[in-house]
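This report concerns only the one structure given below.
In each ligand, atom 1 is the first atom listed, and ligand 1 is the first ligand listed.
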Amino acid sequence: MSGKEFENSPDIDGVARALSQVTLQGDTFLHGDTEARQKLIASAKELVAAAETPVEALLWHTWALPTRTVAARVAVDLKLFETTVQDDGRPKTNEELAAPTGASPALVKRISRACVSMHMLDEKGPGLYVPNRLTHLLSGPGFVGSIIHLFDITQEYRFPKPDNALDGPFQYANGIGTAFEWLANHPEVFQAFYSYVHALRKHRPSWTDIYPVHEKLVNGLKLDGDASVFVDIGGGTGQILQDFRADIPEYRGRLVLQEIPEVIAAATVGPDDGIELQVHDFFTPQPIKGARAYFLRSCLHDWPDEQCRTILGHLKDAMEPGYSKIIISDAVMADEKATWQHVALDIFMIAQLSAQERTESEWHALVESCGLKIAGIYNKGEGNEGVVEIVAE
Ligand SMILES: C[S@@+](CC[C@H](N)C(=O)[O-])C[C@H]1O[C@@H](n2cnc3c(N)ncnc32)[C@H](O)[C@@H]1O
């Protein structure tokens, strides 16, 4: 079995074994044997473990579980559970849930959907919440204390303000700077970060499997000067461009990697691979004018809207309308019942970068506020990144 097959493979024999146990214990329980209930739960967990791929199992432990504890703790301070059960639990909007604490509805929305993902709330339409059995358990004193005590005794806690890139939970924990400045000073952690994002990227559908590259970028490509360039901005150590060259050899334009100096110094590609390296800060004017494609993968989700508008504004100034495209590879969250992978990343974004994953409507709002237009949004599979194509008019 190859690496990718192994990473993507459930344990089929395990599924068959656990399924027969679930059926057996489920029948026994339904016929009145209450003791079989715990066995049913254990078998159901075995079934999930066997049906998951190794990567899904890992991400459940490293993404979902830690972010869930944080989201539950914030939900308690936001009084989400007690507010949701009020008025006989009639459906409530994010604005209504935010009112008792005066919190921002934008933060409430992100924590509420994380609670839905934990079955602590139910969703009845996009952004409309109703209580369930667990909400009732957490709406009064008693069990809610477990969230406060178990969290606060082991972790310092501060209510997050997820819209200021320079004053959020990261700065509270680490002093000044941004997570990228911190990573640049901790090269071993930066290296671990790239090796993991690279492994995860190879495991998932590539943006070139999702987006019609030939139709949109190869056809009509001009081969002179900067017009031929595909530039990967904030492109990490360069493997994305390397894969692009291998997967789409018909793209005969120049490939340019733009990054901060520390990452350019650590790039694993270079002119020998046909890839130009360029130090560039994406908060400054884009030096390559009229390129075919300005590509940003997992970069805009690192920044609040204000900084994203600066990044996109510089690209808008550099684009040739009708020819250049901005291509974003990032999560496009569902407006209702967002997948746990997107929810977990969104909470990580609050904690590490005061940033966010975005829903389709939030992508539209951000892009249109820059005077640009979304030409298409492409998705493949649950919990993966999508592709947002942006054009200048
Ligand atoms: C989440 S990583 C994504 C890397 C790569 N695009 C990928 O998908 O593997 C974000 C990247 O943005 C880069 N970055 C952060 N601040 C930057 C800036 N001001 N200018 C250019 N790149 C920056 C970081 O060095 C980092 O490689």
Side-chain angles (χ1 to χ4, degrees), residues 63 165-166 168 170-171 176-211 230-244 247 255-269 275-288 291 293-304 306-315 318 326-332 341-342 344-358 384-388:
W63 284 16
L166 298 175
F170 175 85
Q171 288 77 15
I176 53 163
T178 65
F180 289 109
E181 287 164 285
W182 185 92
L183 283 170
N185 290 322
H186 294 79
E188 70 295 347
V189 186
F190 219 165
Q191 202 44 54
F193 168 72
Y194 283 122
S195 89
Y196 130 76
V197 293
H198 176 61
L200 190 57
R201 184 176 62 79
K202 297 291 269 187
H203 164 80
R204 293 175 149 183
S206 156
W207 74 275
T208 51
D209 300 330
I210 303 173
Y211 178 74
F230 179 103
V231 52
D232 187 2
I233 305 163
T237 46
Q239 291 100 334
I240 295 174
L241 283 177
Q242 202 170 29
D243 290 346
F244 180 61
D247 294 343
L255 305 186
V256 179
L257 173 68
Q258 290 182 337
E259 259 290 353
I260 57 175
E262 294 82 357
V263 179
I264 287 292
T268 55
V269 300
I275 296 171
E276 299 168 41
L277 306 181
Q278 188 172 58
V279 170
H280 173 60
D281 173 355
F282 50 44
F283 292 115
T284 63
Q286 171 56 240
I288 302 179
Y294 298 96
F295 181 77
L296 289 154
R297 176 174 180 269
S298 301
C299 285
L300 294 188
H301 82 156
D302 292 337
W303 299 95
E306 185 189 335
Q307 278 78 10
C308 288
R309 274 192 277 274
T310 305
I311 297 170
L312 291 172
H314 287 308
L315 298 184
I326 301 172
I327 298 168
I328 310 290
S329 174
D330 247 326
V332 181
Q341 293 94 330
H342 290 169
L345 274 183
D346 186 55
I347 302 292
F348 272 137
M349 289 305 121
I350 298 181
Q352 296 177 8
L353 296 148
S354 300
Q356 68 175 109
E357 301 301 334
R358 293 181 170 86
N384 295 324
E385 289 135 29
V387 176
V388 180

At under 4.0 Å between heavy atoms, is it the side chain or the backbone of [X] that contacts ligand 1, or both, or neither?
X: Phe193; answer: side chain
X: Ile240; answer: side chain
X: Asp281; answer: both
X: Ile233; answer: neither

Of Gly236, Ser298, Gly234, the residue with the heavy atom nearest atom 6 (N) of ligand 1 is Gly234
Could you list the atoms of ligand 1 found under 4.0 angstrom from a heavy atom of [X]?
X: Glu259; answer: 11 (C), 13 (C), 22 (N), 24 (C), 25 (O), 26 (C), 27 (O)
X: Val263; answer: 25 (O)
X: Gly235; answer: 5 (C), 6 (N)
X: Phe180; answer: 10 (C), 15 (C), 24 (C), 26 (C)
X: Ile260; answer: 17 (C), 18 (C), 20 (N), 21 (C), 22 (N), 23 (C), 25 (O)
X: Phe283; answer: 19 (N)

Is any N or O atom of Tyr194, backbone or side chain, closer than 3.5 Å to an N or O atom of ligand 1?
-> yes
Arg358/Asp346 ion pair, N-O < 4.0 Å | no
Are [X] and [Y] close enough that some pair of their side-chain heavy atoms sits under 4.5 Å apart?
X: Thr178; Y: Leu166; result: yes
X: Val279; Y: Ile260; result: no
X: Phe295; Y: Val231; result: no

Cut-off 3.5 Å, side chains only: do Glu357 and His301 have a donor facing an acceptor?
-> yes
Shortest non-hydrogen contact from [X] to [Y]?
X: His314; Y: Phe282; value: CD2-O, 3.9 Å
X: Glu259; Y: Gly235; value: OE2-N, 3.4 Å
X: Asp281; Y: Thr284; value: O-OG1, 2.6 Å

For His280 and ligand 1, answer yes if some heavy atom of the residue is under 4.0 Å from a ligand atom, otherwise no.
-> yes
Give me the residue, atom name and distance of the protein heavy atom closest to [atom].
atom: atom 17 (C) of ligand 1; result: Phe282 CZ, 3.3 Å
atom: atom 7 (C) of ligand 1; result: Arg297 NH1, 3.2 Å
atom: atom 10 (C) of ligand 1; result: Asp302 OD2, 3.3 Å
atom: atom 12 (O) of ligand 1; result: Cys299 SG, 3.8 Å

Within 6.0 angstrom of Glu306 CD, more than 12 heavy atoms from elsewhere = no
Plane angle bin for Tyr194 and Phe190 - parallel if under 30°, tilted between 30 and 60°, otherwise perpendicular | parallel
Kindly say whether Ile288 contributes a backbone atom to a donor-acceptor pair with the side chain of Gln286 at under 3.5 angstrom?
-> yes
